[in-house]
Undergrad: 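Structure provided below as structure tokens; questions to follow.
Sequence lines set the chain letters: A, B, ... in the order given, protein chains first and strands last, and positions in each chain run from 1. Values below: every heavy atom of this structure, side chains too, minus hydrogens, waters and symmetry copies.
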Amino acid sequence: MVVTLKHIIFLVCILHWSLGQSETIEVCESCEINSVKDAISRAQATDTILIKKGTYKEFNILVDKPLTLIGEDYPIIDGEDQGEIIRVVSDNVTIDGLFIINVGTSYTSDHAAIRVVRSENYLIQNVVLEKLFFGIYIEKSNNGKIYHNKIIGDAKDEYNSGNGIQLWYSKNVTVDRNIVQGVRDGIYLEFSDEIVINNNISSNNLRYGLHFMFSNDDVYTNNTFENNGAGVAVMFSKRIKMVNNIFRENWGTTAYGMLLKEINDAEIIGNTFEENTIAINIEGSNRITYQKNSFIKNGWAVKVLGACYSNKFEGNNFLYNSFDVSYNSKLNDNVFDGNYWSNYTGYDLDKNGIGDVPYRPVKLFSYVVNRTPETIVLLRSLFMDIIDFSEKVSPVFTPDNLIDANPLMKKVL
Amino acid sequence: MFKIFKYSFFDLMRSRWSYVYFLFYLILGFVLLFLNNDVSKAVITLMNVIIILVPLISTIFGIMYYYNSKEFTELLLAQPIRRSSIFMGQFLGVSGSLLLSLVLGLGIPFVSYGLFKSTAIFDFSLLLVVGSFLTIIFTALSFNIAISNENKIKGFGYAVLLWLFMAVIYDGLFLMSLIVFEEYPLDTFSIAATMFNPIDLSRTLILLKLDISALLGYTGAVFKGFFGTNLGLMTSLLLLILWALIPIWRLIIKSQKKDF
């Protein structure tokens, strides 16, 4: 991340030095140059355009030279719902400190506040977007950075709203310290590899906080996903690393903290899942490592829906979830080992910190609820406890090899 | 009525069983808190205890008290006192002493453990409210059984059966019917069926607090309307009050007509 930034600065410096004559063009409402478009048409490559405080009613601004656009005190660029606002088609463009509002909604083209097309080494930072359709749309553009932006949408329905930050066929992009709210997908990646997503806050989005499709080798760490339709959806992707993220209060009938579908070889480490309806929903996902995650007060901590093989759950905390693990089949090829389960009732006579009796995380009741969802109203009733107990003693409906042979007696820190 | 209430209440307060009941809750509360070190987990365990034990103890206590004080009741009936005040006084005496044991027994350990500083205070007070309702409802039901059965053994049998039915068998039948009719839309039925059992009703009230994230996982507009809004809380509380009032009302009617 730091390397990329330095890299960019270095490149910019080299360019400045080699050309040797970059100028600063000022734009303000009362100046001779009173529109951004005008400034761009007059500018030479590597020039800086300084936009002073004011309101500029412009759209379809085409940045076709390596320029630096800097806003002073957040000048407003108002697209008046006409369409796309800024389109970058040149390498080495920096956009900094603008306030962009009123992106046009269209059902045929994806209008964005800032769209980068087939360009490299771009930097978009300190930008505030409001009343948008798509926010920042990166199209077939590699090696860029999207840093410290704030995107606040007012999306009502999925069909006529866009995504906050969208990466399409782009490689090696850093998305860092952004705040995305009230759009369809907070951050959306499609066919984008080697993306680093850190320290973002994605909340109150209609669909997903973060959405991966056909994107491989990506990393996301220290992000917060709160109250989205689903926190993070990872679909049809390989080798994704998910570390130290927080997933909170994703409530509702199809709400998940994390939705994994056709994911292979991922690592999920040190995340916190708190009060989600389903913390992790897994479907057709193989060879995933789950370590040191905390599942706190979720409806379902882990819901496994078939075709999941060779997943490992080690050293996680399962605290006060209504259901720890739910399976819809009798087959199990996943390993649960050395986790802490708050529902564990065994003992530790040899005092080695590991319970002497194995723990069965799948209750019969979760099987019953999968079959007849209305039975959820019988949660925590004595009758259910009795049949859960009898199932625990001799498993008939739940996978009998699904046990944690080494349940911990104390929380993993 | 107040005199009889006072008499019953202090009579029970002096009896060994009130202390046993009080000490049981006191020890339970302390043990739960010191073993768990976590108020929110203690609240979950406590819920299981309250939902099962409070009805059982109230039923048995109520029926025992009625049969034991039968001779005294007959003596009172010979006096110029209204029948409703005799029975209401006794009923209030029993349920009042049980309530006091419950609230003090659980309250003292939790308060001394720093409940007021913890976020679980609402969950805990809900537990106490539910426990109080269950005490009143099941004492009233046991008085009803006792007044309708002269035979002690029979009355006792019915009372235990009532508890067993409400606590276990009802849920079993409920589950069976849900599974048998799983092809049909069942969400209205399942909510309605919960209403006909005070134990289920109390459980629902607590679930609304503890497991709301799981309850919202089910796709259904009726569920969503019931559990997702305050409607669930309001309806459940209202029905609990109804569950308390109907047996008391029947007790009064029955006592006035009964030939002693």
Undergrad: Heavy-atom distance under 4.5 Å to chain A: side chain of B:Ile52, backbone, both or neither?
TA: side chain
Undergrad: Can you label the angle between the B:Tyr65 ring and the B:Phe143 ring as parallel, tilted or perpendicular, going by 30° and 60°?
TA: parallel
Undergrad: Which word best sums up how the rings of A:Trp341 and A:Phe318 line up, parallel for under 30°, tilted for 30 to 60°, or perpendicular for over 60°?
TA: parallel
Undergrad: Taking side chain as everything from C-beta outward and backbone as N, CA, C, O, which of these in B:Leu207 sits under 4.5 Å from a heavy atom of chain A? Side chain, backbone, both or neither.
TA: side chain
Undergrad: Given heavy-atom pairs under 4.5 angstrom as the criterion, report whether the side chain, backbone, both or neither of A:Leu319 touches chain B.
TA: neither
Undergrad: Would you give the length of the straight line joining atom OG1 of A:Thr277 to atom NZ of A:Lys303, rounded to the nearest 0.5 angstrom?
TA: 10.0 Å
Undergrad: Do B:Ile63 and B:Tyr66 touch side chain to side chain, with heavy atoms closer than 4.5 Å?
TA: no
Undergrad: Quick one: CG on A:Leu210 to CG on A:Asn245, what's the gap to the nearest 0.5 Å?
TA: 8.0 Å
Undergrad: Given a strict heavy-atom distance threshold of 4.5 Å, which part of B:Ser190 is in contact with chain A: side chain, backbone, both, or neither?
TA: both
Undergrad: Is A:Asn250 in contact with chain B via its backbone, its side chain, both, or neither, using a 4.5 Å heavy-atom distance?
TA: neither
Undergrad: Which region of A:Val369, side chain (C-beta onward) or backbone (N, CA, C, O), has a non-hydrogen atom less than 4.5 Å from a non-hydrogen atom of chain B, or is it both or neither?
TA: neither
